[in-house]
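Single-structure report; data block below.
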Amino acid sequence: LSTGEANPELRNIFPIAAIPTQEAPVDNQLTISSASQTENDVNGSYTFTIFSNVTWAVTEASSFISVSPASGSNNATITVTYTENTTTDSRSGVVTVAGGGFTRLHTLTQTGKAVALTIDIATKTQPKEAGNYNIQITSNSDWNVVKNQPWVNPNTFSGSGNATLNIEHDANLSTDERNSIIDISAGTITRTHTLTQEAQASTSLFEQSMTTGDTKVDACNSFSFQNY
């Protein structure tokens, strides 16, 4: 019999590779590729990317914007579709991506159309009598009217879009022709209209009939004066 001490030997009874190892927990992640986008006034679409390891939802609060898909998980591409901007003002809408305790905002800014303004006539000659006429305004914006003479009276000094501007003028009691400038402006555009009004004929200032041989001197001599 052996009287020596036992020499215990520890051996693995499972393969090393089969022993599970505990992995470190992965933090939630949610980012987007772009925080903003600017587009012109016509309708269209574009995309941005979600980088994530969680489920998420996409919402938008502006009626001119739609998004697809509206929900998902992990990485994805979001398509943003927008309608035409028919105004001259820019507009903005926010797309919200939320998930895993995160909220990411993406802002779309859409520019407005360029301001347009035309008038159908740049000059007008009117007789000496009081009267009126029309100017046709074609525009996609708000506009204002400025005149430089008190004897001219537009029916309005402001408006929007296409319109008919009526111009009234007093009678010209002078023997001199006269002019008035009417400026119609929208944005940085100004259209100038010039009104010319004919003068009174000098003979029309006298009631004496020139067909009977009377002269201006005769007409003046026909007045009687009485001292008081």
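Computed over heavy atoms, backbone and side chain alike; hydrogens, waters and symmetry mates excluded. We number each residue from 1, following the sequence as shown.
Between Leu105 and Ile32, the closest side-chain pair of non-hydrogen atoms is not below 4.5 Å. Using a 4.5 Å heavy-atom threshold, the side chains of Ile181 and Thr192 count as touching. Looking only at side-chain heavy atoms (C-beta outward), His193 and Ile119 come within less than 4.5 Å of each other. The shortest side-chain heavy-atom distance between Thr31 and Phe102 does not fall under the 4.5 Å cut-off. Between His106 and Ser34, some side-chain heavy-atom pair lies under the 4.5 Å cut-off. Counting heavy atoms from C-beta on, the side chains of Thr196 and Lys124 never come closer than 4.5 Å. Under the 4.5 Å side-chain criterion, counting only non-hydrogen atoms from C-beta, Asn134 is not in contact with Ile167. Leu117 is listed as a side-chain neighbour of Ile137, based on a closest heavy-atom distance under 4.5 Å.
Side-chain contact of Asn179 with Thr194: a donor-acceptor pair under 3.5 Å is absent, judged by distance alone. No hydrogens or angles considered: nothing links the side chains of Gln126 and Tyr133 as a donor-acceptor pair under 3.5 Å. Checked by atom type, the side-chain pair Thr164/Gln136 shows a donor-acceptor distance below 3.5 Å.
Closest heavy-atom contact between Thr86 and Lys113: CA-CE, 3.9 Å. Ser45 and Thr79 make their closest contact through CB-CG2, 4.3 Å (heavy atoms, listed as atom of the first residue, atom of the second, distance).
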Counting only pairs under 3.5 Å, give me each side-chain donor-acceptor contact of residues 89-99, with atom names and distances, residues two or more places apart or in other chains.
residue : atom : partner : partner atom : Å
Arg91   : NE   : Gln110  : OE1          : 2.8
Arg91   : NH2  : Thr83   : O            : 3.1
Arg91   : NH2  : Thr83   : OG1          : 3.3
Arg91   : NH2  : Glu84   : O            : 3.1
Arg91   : NH2  : Gln110  : OE1          : 2.9
Ser92   : OG   : Thr109  : OG1          : 3.3

Side-chain donor-acceptor distances from residues 56-73 under 3.5 Å, at least two apart:
residue : atom : partner : partner atom : Å
Trp56   : NE1  : Asn74   : O            : 2.8

Report the C-alpha distance between Ser185 and Asp183 in whole Å, list the side-chain angles of each, state the deciding distance to 0.1 Å, and finish with yes or no for side-chain hydrogen bond (donor to acceptor under 3.5 Å, both in side chains). CA-CA 6 Å; Ser185 301; Asp183 284 331; over 6 Å; no
